[in-house]
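Worksheet: one structure, shown below.
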Amino acid sequence: MRYSEMFLPTGRETPSDAEVVSHQLMLRAGMIRKLTSGIYSYLPLGLRVIRKVEQIVREEMNRAGAQEVFLPAAQPAELWIESGRWEMYGKELLRFKDRNLRDYCIGPTHEEVITDLVKNEIQTYRQLPRNLYQIQTKFRDEIRPRFGIMRCREFSMKDAYSFDVDEKGAELSYEKMFEAYNRIFRRCGLRFRPVEADSGSIGGSFSHEFLVTADSGEDGMVYCTACAYAANLEKAAVPKPEEKKADPAVFLPLEEVHTPAVRPIEAVCDFLRVTPQDVVKTLIFSCDGKPVAALIRGDEEINEIKLKNFLGADMVELATDDIVYEVTGAPKGFAGALGIKCRAIADYSLMNMTNFVMGANKEDYHIKNCNFKRDFNVDTFADLRMVEEGDACPRCGKEIRFARGIEVGHVFKLGTKYSKAMKATFLDRDGKEKLMIMGCYGIGIGRTAAACIEQNNDDEGIIWPVSLAPFQAVITPVNIKDVRLMEAGETLYGELTEGGLDVLFDDRDERAGVKFKDADLIGIPWRVTIGPKRIEEGTVEVRNRKTKEVTILPLGRVYGFIRQAIDDELKSYETDGSGT
RNA sequence: CGGGAUGUGGCCCAGUCUGGUAGGGCACUGCGUUCGGGACGCAGGGGUCGCGCGUUCGAAUCGCGCCAUCCCGACCA
């Protein structure tokens, strides 16, 4: 590609409405432009990167035995009603009507469509397993689009769906995808970590997220310093403490205390001269419409996802004031487990507490010296709180660490959630009709590119790994009016292109400095500078974007040198471990 | 949806408090000089100051309403 002909508007100033580096650099490098909130256009340079990501994804999906399809973006409401998600999905689902006033949506994901397709075409175990994938534009009407392309409303996603005859097969499909994802992100030159995750609204039983480590990431994760355990913050388990038998002798008598108008836990502590560790918070939740009390230590934070999963509920939210009043007989802020009129579950953190403070279920009163068994009982103890600094690894007990990451991929075991709802069955070897076991697997294409920039940049701009670079090399004649330079440039451009490299020939009538700045900004891994002095002796400079290392080479050896370097780098992705 | 901020040529920003002829830098056009890390000079083109209503002799500036964008919290690839 000749730079002079390319639609590549670069900017020297950082756009004011971009906060994270990847967004800033994608704008400055002329990769993307915003149309409206959360909706972006890709310019040629940006599209080149997207195509590179897609290519890697295709190769690895195909290698893993999946087959590419292309499903519709516009989907009829009937399918979503059938799966139950027309109601469940909420406002993120962009809905519209056609001319006959029939309801449609733009697919935020494609479980419905694929399940519908497969159930109509697959009847027997002989046709299974199958894994189908596509790379498609999704639309999710996000509450808050942000960080440019990282979290946008319209975006390109690779989604794959596996169908198996049994649990064992489904697990194998899952493992294949898990391995494919590792290969994909390695080939993208990313530092990432697969972590255990919650399966969210997609549903299903088990899942892993692939998080690219970055401080700007929206997801928190926890990983063990000793074993392989790693999990999303919202999923990370807290080990069950050892239960110590409390000696009833230490129990102090219950004491009701007047605590007028003190509600926040800190105020209660100040008032009663105790620490939050001595207080038990009683939070009333509405779980699929039923009230449930969750007890947790005053200094801990409840993890609603854990609560939801523990209860096997579809929907968990903090109860309204009315419900709180109904089960406790008091306004919000004074709930306690004594005499509460609903199911109560306590976090492990309470297991060995004695003489603690709770709300009295009576306005402006708390109770001191509460004790389990003597005063009340809970249904059960469970892991309900967020992990925190200082917790041990739930698997091996060693030290865990916290990090942030960008979720670029997610693999789910769906089980029969959709096949059941949509009756995707097959006839098994034994002549019985059975439900297909499904899995689904997503990768954010644009997000992967953005995450890559997030990890690979410096003050000058982007530093692409060769696997994703829009061009692998740029040829920069320092002055296009010097025919010797241009002739050498043309020759080299032809030679490198012949050799199968993606080359940008900077034939613009610009000063050398401008060309250098642009090349650095858009992050091309290799730059060949053709200048007047060296060309006399037939040599040029080959410069590495990342290391800034310059190698002087005769024209004839440039291709071989760059080819070798590129091949070496590509090979290194295949063998490097993921890690951080 | 709650909290905060911003809206002035394509981009970055000043001007707004204290109303009085819309400015600078970058980019763009022409000419000349320059030419290995975002050159310089001269001459140009381009703006309903987010939108609407109001106050005023006069509004980018003051008031009210609306819209859009960005950042912080609940969703997700």
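Convention: sequence-line order gives letters A, B, ...; per-chain numbering from 1.
- A gap of 15 Å separates the C1' atoms of B:G50 and B:U61, to the nearest Å.
- Here B:C51 sits opposite B:G65 as a Watson-Crick or G-U wobble pair (both hydrogen-bonding atom distances under 3.5 Å).
- By the stacking rule of 5.5 Å between ring centres and under 30° between planes, A:F155 stacks on the base of B:A77.
- In this structure, B:C40 forms a base pair with B:G32, meeting either the Watson-Crick or the G-U wobble geometry with both donor-acceptor distances under 3.5 Å.
- Base engagement by A:D520 is indicated by at least one non-hydrogen atom pair under 4.0 Å involving a base atom.
- Aromatic pair A:H208/A:F210: ring centres not closer than 6.0 Å.
- Shown here is A:E537, whose CD atom has more than 12 heavy atoms of other residues, nucleotides or ligands within 6.0 Å.
- In the interface, the side chain of A:R140 is not paired with the base of B:C76 through any donor and acceptor atom under 3.5 Å apart.
- Within 4.0 Å of A:D518, counting heavy atoms only, lies at least one base atom of the nucleic acid.
- Geometric assessment of A:R2 against the ring of A:F505 yields a negative cation-pi assignment under the 6.0 Å and 45° thresholds.
- When both pairing distances are held under 3.5 Å, B:U21 makes no Watson-Crick or G-U pair with any nucleotide shown.
- Because its NZ or CZ atom is both nearer than 6.0 Å to the ring centre of A:Y223 and within 45° of the ring axis, A:R193 counts as a cation-pi partner of that residue.
- Taking atom P in both B:G20 and B:G58, one finds a spacing of 15 Å when rounded to whole Å.
- Of all nucleotides present, only B:G10 satisfies the Watson-Crick or G-U wobble test against B:C26, with each distance under 3.5 Å.
- The nearest pair of heavy atoms linking A:P525 to A:Q472 is CD-O, 3.6 Å.
- Residue contacts for A:E460: at a heavy-atom cut-off of 4.0 Å it reaches a base atom on one of the strands shown.
- Residue contacts shown for A:P108 are absent, as no nucleic acid heavy atom lies under 4.0 Å away.
- Between B:C12 and B:C53, the distance separating the two C1' atoms is 32 Å to the nearest Å.
- Look at the C1' atom in both B:U48 and B:G44: the space between them is 23 Å, to the nearest Å.
- Note on A:V478: a base of the nucleic acid sits closer than 4.0 angstrom, heavy atoms only.
- The separation of B:C49 from B:G10, taken at their P atoms, amounts to 13 Å, rounded to a whole angstrom.
- Taking 3.5 Å as the limit, the base of B:G3 and the side chain of A:R144 contain no donor-acceptor pair of atoms between them.
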